[in-house]
Every structure is written in C-alpha cells, then in structure tokens.
Trainee: 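This is the structure, below, for whatever I ask next.
All figures in this text were calculated on a predicted structure; none of them were measured in a lab. Chain letters run A, B, ... following the sequence lines, proteins first, then strands; residues in each count from 1.
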Amino acid sequence: MAEEKELRYDPAGIEPKWQERWAADPALYAADPTDSGKPKYYVLEMLPYPSGQLHMGHVRNYSIGDALARHMWMRGYNVLHPMGWDAFGLPAENAALKNNTPPREWTLGNIAAMKRQMQRLGLGYDWATEIATCLPDYYKWNQWFFLRMYERGLVYRKKSKVNWCPECATVLANEQVIDGRCWRHEDTLVEQRDLEQWFFRITAYAQELLDGLDKLEGWPEKVRTMQRNWIGRSEGTEVEFFLAEELNQGIGNREQGTAGRPIRVFTTRIDTIFGATSIQLAPEHALVQEMAALDSGLAKQVGELLDEQKKAREAGDVGAIEKHGVPTGHFAVNPYSGEQIPIWVANYILADYGTGAIMSVPGHDARDFEFAQKYAIPVRRVIAPAEAAAEEPELPYLSEDGVLIHSGEFDGVTCHQAQERLGQMAMEKGIGEPTVTFRLKDWGVSRQRYWGTPIPMVHCATDGIVPVPDEQLPVILPERIEITQQGGSPLGRVAEFVNVTCPKCGQPARRETDTMDTFVDSSWYFYRYTDAKNAAAAFEPAKAQHWFPIDQYIGGVEHAILHLIYSRFWTKVMRDLGLIKNDEPATRLFTQGMVIKDGAKMSKSKGNVVSPDDMIARYGADATRMYALFAAPPDRDLEWQEDGVAGVSRFLGRVYRLVMKHAGAAREAAGGRAVTAPADPSLKLLRKLHQTIAKITHDFEGRWHFNTCVAAIMELVNDMTAADVQLASGEVPAAVVRELLTTLVLLVSPFAPYLSAELWEELGGEGAVLRASWPKSDPALAKEDELEIPVQVNGRLVNVVRVPAGSANDVVQAAALADERVRSRIAGKTVAKVIVVPGKTVNLVVK
RNA sequence: GCCCGGAUGGCGAAACUGGCAGACGCAGCGGACUUAAAAUCCGCAGGCCGCAAGGCCGUGGGGGUUCAAGUCCCCCUCCGGGCACCA
C-alpha cells in the first residue's frame, strides 16, 4: 500500500489555475440580461484612480464588495458587479513631466497593471462593462451632459475669486480645499485668484440635496451629517439698514437725494435687532470699496484687514483670526428703532456668505460680544429669559427661548414670534424678507490642466460663447502635447486644438482650453456600467432604470463630501433631464475603515506600506483577502499584521486538508443522512454546521461582521477536525460527511473563492461554486437540546448547570438549587428571591 | 468651541435586544511526531495570591440605576475623524 501522500495547501498552484479558467469564462461574473426574471442586485465599489499599484485599502474595499457579490449570486440574484478606472487627473501629467511618458500611455499601462492585480486577487468583476474615464467613448458623455446642463442654465461662466493650487497649477473646487490647503498637496497653501471659470449650479439643488439626506436611511449617519454641515442651510432674514444721510458725507444721497441708501444685512436673529449697536461689513463689501475710494486712510486700513483675512485663510485657520475692525466714520439707521449706529469694517466678516454685512448684536452673539468688548462698542440686553430669574443671565445671552425687552412695541413677545413678525414687517415695508442661506457654493469645474475632459465650448469674437454642437462630440483631447506646469492650460498651446471655426457664424474662433474637474467623471460613471458599450447615448434609460438605484455602494469615508455630493447632484440633474427615475444614486452606502500599520495610515513617507503583491506571493490571494475581512469589522480601522495573514493561511490549509482527506467518502455517499441517537457525533457536527450557516447568512443580511463570520467558520472547522477519527471511520455516515464538507466549502466561498472552487471540484460539485445555492440553515438541526445555565448567587457566578432546552423555570430553578456548589454557597442563608431568565441565567438572592 | 466614532489580555478582537467578559486568531509556553528542524497535531494561557482546592481583583476614571452593567443614566480623561468667526 502506498504511503498516504502528504497534503499541502499550495495557493500558488491552485490560484493561477482558476484565474485562467475564470478569464476564459467571461460569462461567469457577468450580469444576466435585465429580463432574466431574477431579482437584481447592484453592488459597487468606488472605482480607483489608476496609480499603477493597488494598495491595501483597495484590497479591503474590494474584498468586502466581492464577498457580498458572491453571496448574492449564490442567493439567486442577478448581480451587477462592475469595475472601472477614474483615469483622468494630474498624476498622469506629473508622470509625463518626470518620465517623459505621454499621460495616455502612462495611464493605460497603469490600468493594465492594476487590472492584473485585481484578477490575481480573484475579484469577480464583469470586465465586459469596464470603463476608463479618459477614453473618448466615455468623456464624450461628460461633454454631452455639460451641454444639456448649459441649455438648462445649470452651467454658467463667471469671473470670481477661485482657489488656486500653485503645485497643481490649476483651480480647485471648494470641496477640494481642506484647511486652506490642496487636497492633493497637504503642504501647499491654496491662493485666491480672480479668474473666469465654468460653474455647475449645484446650489439650485441645495434644498433637495439636504432633504434627500433624511431619506437615505441606508447611509451612515456620519456621512449624512457631514453633508448637512457642508450644505449648511440657515434660515434667517435679510433686512436693510440705511446710510444716515446727514452724516454720510455725500455717499448716501448721491443716488436718492433724501433717503439714505440701503445696507442689506443677513441675520438669523432678527428678534435681536433692537440690540444692534453697529453694522459690520466685510472688507470686500462694495460700500466699503466706495467709502475707501473717498478716504485714503480708510483704504489703507481696509487693505490690512484684507491681508489678515487672506493670511488666516491660507493658514487654514479662519476660525482663529484675531478680530480686528475699523470704524468707517459713517452711520446707519436701524429701520425698526430709527437709531443711528456706526458702520465698521471687520476682518471676521465673510464677503461670500449672506450679504457680506451683518448687524452686530453684542448682547446676544458671542462673536459680536468679543468684538464689542475689544472696541468698547455698547452692549445692550434685548432678550430676557421667559421665566423671570433672580439674576439677569450673563451676556452674551444666546438662548432663543426668551422674550424681547427694550424693543419698543415688541417687548414681551417671544423670540420665535418676534422673528416671524419682524420678518413680516420687513416685507410689508419693503426693506427685506425672510430668506434661506446656504453655505454650499456652486461647483467650479474649470481646470487649467491637460489630462481631463475638454469643455465643449467655443469663444467667438462675434457670437461670444457658443456650445459645440452634439454632432461634433466628442471634442477629442489631442495626444501629442508638451506638458508644462506653468503658463495656463497646456491645451492653449496646441494650435490645431484651439483654432476652430465658430459653429454659429463660421468665422475663426477659439476653443475653450480648460478641462473639467475629474470629479465630473466619477459623478455618473455607475450609470455607464449598465450600458457601457453604447455609442449612441450615455446609456439606455431602460437599462439604468432596471439597475438603479445601486443596492450597495462601498468605499472610503474620504469621499463623504466630494464624490458623494457631486454624484447625488448629478443624479438629480439626470432625473430632471428625463434619463432616469431615481432621485438618489445608491440606497445603501457602506464606508469601510482605513488600513493602518503600526498605528498609522500606510504611506510611502512613513515607510509602512504593505504591498498586496507581496502578500499574495507569500500567502496567496485567498489568505490576503480573508485576512482583510477577519482582522477587524469592516467599518473600523484595520491594523495590518502579517502574522495574522499567516494564521489565516494556516487555517485555509486546514480546510484544504480536511476536505481533501474526506472527499473520497463524500463523493461516494449515496442517499440522505439518517441521524438518530443524541450522542451521535453526526448530530453534534450538523448542529454546529447549521448554527454556522444561520450566523453567516444573518451577517450578510446587514450586520456585515465578516470578522466573526470567519471566526465561526474556524470554530466549525475546529469541531470537524476534532471529529476526524469519526469522519474517517464511517461512524459519521458518508452522507453526513458530504453535507458537512460541501456546505463548508459553500460557506467559505465568498471569502476564499480560489480554495472553494478547487475543493468544490474535488467534491464533485456541479458547475461553478458561484452558481450553487447558498445553504439554508435547518432550525431543527441548529437547535441545542441541552443548555448550560450559569447560576449566580447575589449576582456572582457560582456554577453552571445543564438542563434540557426549553425547560420550565421551576425545573431550572430546582436544578440550580440542587447543585452542590450552589448549596454550599447558600448554606445557612435564606433564599429571598429567585430570578430565572429563560435560557439565560438563574440568580439567587440570599440573605 | 460644536458634532460623530472609539478606549476590553502582550497584540488584532468577541460578547445582536442588560444575563458565564475575553469566542476566533496572532504572539507565547508545554507536549506528540522527527536523528534534528520545518510543517502538522494535541494541550495551557486576563491579573494577583495559593502546591492545590479555591479566593480576590478585572472592560479608560468617578458616581448611579438594577437581582444582574463592557452593555443603560450622569460627570470626567484620553485617542481618532469631521465641522468651525457661516452672522
């Protein structure tokens, strides 16, 4: 007899073999047609930027998504699980400068490399729907959408102060500026420049973007809160003060002769208007500019205030700016009281929020209070607590649950009533109205860079701005181009690109040379997956309608604002264009935690990067993926420990050997299982098996604690290994062995697809394991017939008693009282009370 | 300053609605197999005291509710993230 061959788990042998087979069978991971009759499930991981190398964050992200996709396939869903490339962006231009490689070549090379890595990981993507945003068949539709939005007034051009990153040599959106620094260059301060730029009117959807958050119950509360803060809705009143004519030295009555000119302020506390003791204007306010033009001393001081604001913004510390202001020498009239108050210019007033002007109420606003203290501006109390207190509350008194005092005819009115009445009055007098202000600004999308979607517009001397007609799309990004970092958009130096004829008049004209922010690309890419090869449209509405909304979207929380707010906006625009019916792109969003090493986020500068290729080479893709799911719950940060990967690899080896050893018996098993005696080891194993099925199934339905799923499978395997002799001897019938092994393989398959494919075949399973049905837990089998009940005395554990499952309380109580150790513990004392929690515990309260 | 998370063995973590704290794994220790090692298998393992039986302590700190608290309530500390003169 031949010696038993030693079984070694060899992922390097197993994995490439299956990788080849899967590559040869593109239908395996492809979605069925929309009329397949199966329920649809769209699971999506955020598409990567093709840097050239997957990092562990990607591995984690995709391992989560792939496990879910595989599970849903096995549950019988028609699963769409696509992947693509967010392929425009500055790194390609930097690489071009550095290596003298054209951005396109560099990008496509990176895509090929990363795709190989993904395939090596065994990720089940439908590569037939792959997209790369840098290719004309994709970005053509960016241009098409741009034109549709232009027609609807959702795209406009304006000159304004914009964020400029000197390192990127381009403009940034507000969302791309973090603490005054560039989102890609943490060390680079963003400058403010005046530039003519294209904007998307995202503010037109501000209210809807806000309201929609309430309905996104499948999104993390954290993300919803961040978006709410970003949108920053604020209800208040705009109201006009007036320049006091007799004191305004010519400014006030220049236009209107008698009445002073209005100064419009925005306030959320119109009820405190009788407490306003100054007006504060932003240094950039038009009236300030006008005043400064007449007063060189003031002009100089205003210039200083502007500098301070700029410095604070650049330091990323606008909130900590030391308040500083200058009186203008002019006065304003309070429209309600007729009182004259001084007009100041202050560095803490923002020009681009509200009206750039406030009424300063130091008695009831912390900032105004601080300012008034510094400059000895009067502080007046105009709100009192509703309930008269022994002492007056300290100022500034910020509560809105009070009543007005020293406010003329409004004395005694509550704050909330006063807000309504004063707002109403402003409207009647034509000096203002209740308004809503948002923090959200329009999305500046112009980039003075090369590697992006050309903006489909032409500048004509005669006709002004003229959209490129649809039939001329795509406006192709020229390929041969010299990349430099200065001197405006590189496209401006490509004559054959720039010089066009005006689509309207046919005269020579100049093509727009800015490109679109790459966040445009990722705002709608997931719709393209539903119809990726469509040459006539971005997608066929019927297809998008079938798949949308995305059932589960998975990605990093760093996109909570940028990508996730832009794509919500885009979805609403597409809905209003009649292309889709859904209001939101994704029903459920999951944000996974970061992968860290030695307590810090992996980064080249910290030298703590772990390469996925390295892990795969050493332990295999299955072990790498499974470790990424096992080491921590998916929503928490994960500390990468290589020893842990080795442990998972060892575990997979145990699974391999266990199944291989008993596969022969399992294959030959005929008929169903018959389990009788309670002492039967089969029964114990089947119980554990069905408990494990129930646990894992439940987790896939929403809890997603894949770390404990893997632990549960480990427990099951431990039990099966411990019963190795019974499995081998026939004491456990072959039919049971077969059920145990095949089910084990099915349970493992979402986490370790290569190994399970191999073992599934070994067990003689039909077709791909992915096409097998997810196992069902049999509650009768899973049920314990005996329970261990801890017995406490005065809340302290004394012993554990075994009782049949479902025992009546008095039976459990009797068992507890009969226990030797319990009896010795309560000897000589009186049992005052017995608490029996069915199936859980017994607590004896003794005195 | 405001809003979210989080803090449990040497380490990653578990404990779904209050009911045996530390499952599962890593590292460690002991054993089997081996000439030896690797691999594998079996066992031990929160801390302190004890030969043991057993006892005491223990989920960042302090108070509270409860028969019973990692879990609920109040106060505080530290760590991570987000927002921040937004009037």
Trainee: Want to settle it: does A/Ala631 or A/Gly232 sit nearer the 5' end of RNA chain B, counting the closest nucleotide to each?
Mentor: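 In this pair, the answer is A/Ala631.
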
Trainee: Would you classify A/Asn347 as touching base, sugar-phosphate or nothing, given that sugar-phosphate means primed atoms plus P, OP1 and OP2, and contacts are heavy atoms under 4.0 Å?
Mentor: nothing

Trainee: Could you tabulate the donor-acceptor pairs under 3.5 Å formed by side-chain atoms of residues 265-273 of chain A, not counting sequence neighbours?
Mentor:
unit_1	atom_1	unit_2	atom_2	d
A/Thr267	OG1	A/Arg269	N	2.8
A/Arg269	NE	A/Asp271	OD1	3.1
A/Arg269	NE	A/Asp271	OD2	3.3
A/Arg269	NH1	A/Leu398	O	3.2
A/Arg269	NH2	A/Asp271	OD2	2.9
A/Asp271	OD1	A/Gln419	NE2	3.0
A/Thr272	OG1	A/Arg269	O	2.7

Trainee: Using the P atom in both, what is the distance from B/G58 to B/G22, to the nearest Å?
Mentor: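 Each nucleotide's P atom is 16 Å from the other's.
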
Trainee: For atom C1', what is the distance between B/U71 and B/A15, given to the nearest Å?
Mentor: 9 Å

Trainee: At 4.0 Å (heavy atoms only), tell me whether A/Arg825 reaches a base, stays on the sugar-phosphate, or touches nothing.
Mentor: sugar-phosphate

Trainee: Considering only heavy atoms from C-beta outward, does the side chain of A/Arg625 approach that of A/Phe751 to under 4.5 Å?
Mentor: no

Trainee: When you compare B/G80 with B/G30, how far apart are their P atoms, in angstrom units rounded to a whole number?
Mentor: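 B/G80 and B/G30 have their P atoms separated by 39 Å.
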
Trainee: If B/C41 has a Watson-Crick or G-U wobble mate with both distances under 3.5 Å, name it; if not, just say none.
Mentor: B/G31

Trainee: Would you call A/Arg228 and A/Asp214 a salt bridge, using N to O less than 4.0 angstrom?
Mentor: yes

Trainee: B/G9: syn or anti, with syn meaning chi within 90° of zero?
Mentor: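 Nucleotide B/G9 adopts syn.
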
Trainee: Does B/A7 pair with anything, Watson-Crick or G-U wobble, both distances under 3.5 Å, and if so, with which nucleotide?
Mentor: B/U77

Trainee: Sort and list the pairs that fulfil side-chain hydrogen bond (donor to acceptor under 3.5 Å, both in side chains) and have at least one residue in residues 629-642 of chain A, not counting sequence neighbours.
Mentor: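 Of all non-adjacent pairs touching residues 629-642 of chain A, those that pass side-chain hydrogen bond (donor to acceptor under 3.5 Å, both in side chains) are A/Arg618-A/Glu642, A/Tyr619-A/Glu642.
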
Trainee: Residues of residues 555-566 of chain A with any non-hydrogen atom less than 4.0 angstrom from an atom of RNA chain B: list those, numerically ordered, please.
Mentor: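 By residue number: none to list.
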
Trainee: Please work out which of the three classes, parallel, tilted or perpendicular, describes the rings of A/Trp344 and A/Tyr375, given edges at 30° and 60°.
Mentor: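 Geometry flag for A/Trp344 against A/Tyr375: tilted rings.
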
Trainee: Would you mind classifying the nucleic acid contact of A/Ile713 as base, sugar-phosphate or nothing, using non-hydrogen atoms under 4.0 angstrom?
Mentor: nothing

Trainee: Answer yes or no: is there an ion pair linking A/Arg264 with A/Glu433, defined by an N-O contact shorter than 4.0 Å?
Mentor: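 Judged by the 4.0 Å cut-off on N to carboxylate O distance, A/Arg264 and A/Glu433 do form a salt bridge.
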
Trainee: Can you tell me how far C1' in B/G18 sits from the matching atom in B/U59, rounded to whole Å?
Mentor: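 These two C1' atoms come out 15 Å apart once rounded.
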
Trainee: Strictly under 3.5 Å: I want the nitrogen or oxygen pairs between protein and nucleotides 1-7 of chain B, one per line.
Mentor:
none

Trainee: Do A/Ser777 and A/Thr697 come close enough that some side-chain heavy atom pair is under 4.5 Å?
Mentor: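 SC-SC contact between A/Ser777 and A/Thr697 ruled out.
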
Trainee: Tell me whether A/His698 at atom NE2 has more than 12 heavy atoms from other residues, nucleotides or ligands lying less than 6.0 Å away.
Mentor: no

Trainee: For B/A53, which nucleotide in any strand shown is its Watson-Crick or wobble partner with both distances under 3.5 Å?
Mentor: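 Pair assignment: B/A53 / none.
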
Trainee: Suppose we define a pair by two distances each less than 3.5 Å, Watson-Crick or G-U wobble; what does B/A84 pair with here?
Mentor: none

Trainee: Nearest of B/U40, B/A87, B/A15 to any side-chain atom of A/Arg657?
Mentor: B/U40

Trainee: Could you check how far CD of A/Gln227 sits from C1' of B/C83, rounded to whole Å?
Mentor: 14 Å

Trainee: With rounding to the nearest 0.5 angstrom, report the CG to CG distance, A/Asp724 to A/Leu727.
Mentor: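 A/Asp724 atom CG to A/Leu727 atom CG measures 6.0 Å (nearest 0.5 Å).
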
Trainee: Mind checking the C1' distance from B/A27 to B/G12? Whole angstroms is fine.
Mentor: 11 Å

Trainee: Are side-chain heavy atoms of A/Gln227 and A/Leu209 found at a separation under 4.5 Å?
Mentor: no

Trainee: How far does the C1' atom of B/A13 sit from the matching atom of B/A21, given to the nearest Å?
Mentor: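 So the two C1' atoms sit 13 Å from each other.
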
Trainee: Do nucleotides 20-34 of chain B as a string where each nucleotide becomes B, S or -: B if the base has a protein heavy atom under 4.0 Å, S if just the sugar-phosphate does, - if no protein is that close.
Mentor: B--BBSSS-------

Trainee: Looking only at atom C1', what distance separates B/C4 and B/A87, rounded to whole Å?
Mentor: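 Here B/C4 and B/A87 have their C1' atoms 25 Å from each other.
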
Trainee: Rounding to the closest angstrom, what is the interatomic distance between B/G70 and B/G62 at atom P?
Mentor: 13 Å

Trainee: With both distances kept under 3.5 Å, what pairs with B/G12, Watson-Crick or G-U wobble?
Mentor: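 B/G12 is paired with B/C24.
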
Trainee: Looking at residues at least two apart in the chain, or sitting in another chain, which of them share a side-chain contact (heavy atoms from CB on, under 4.5 Å) with A/Glu308?
Mentor: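 side-chain contact (heavy atoms from CB on, under 4.5 Å) check on A/Glu308 returns A/Leu305, A/Ile321, A/His324, A/Asn347.
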
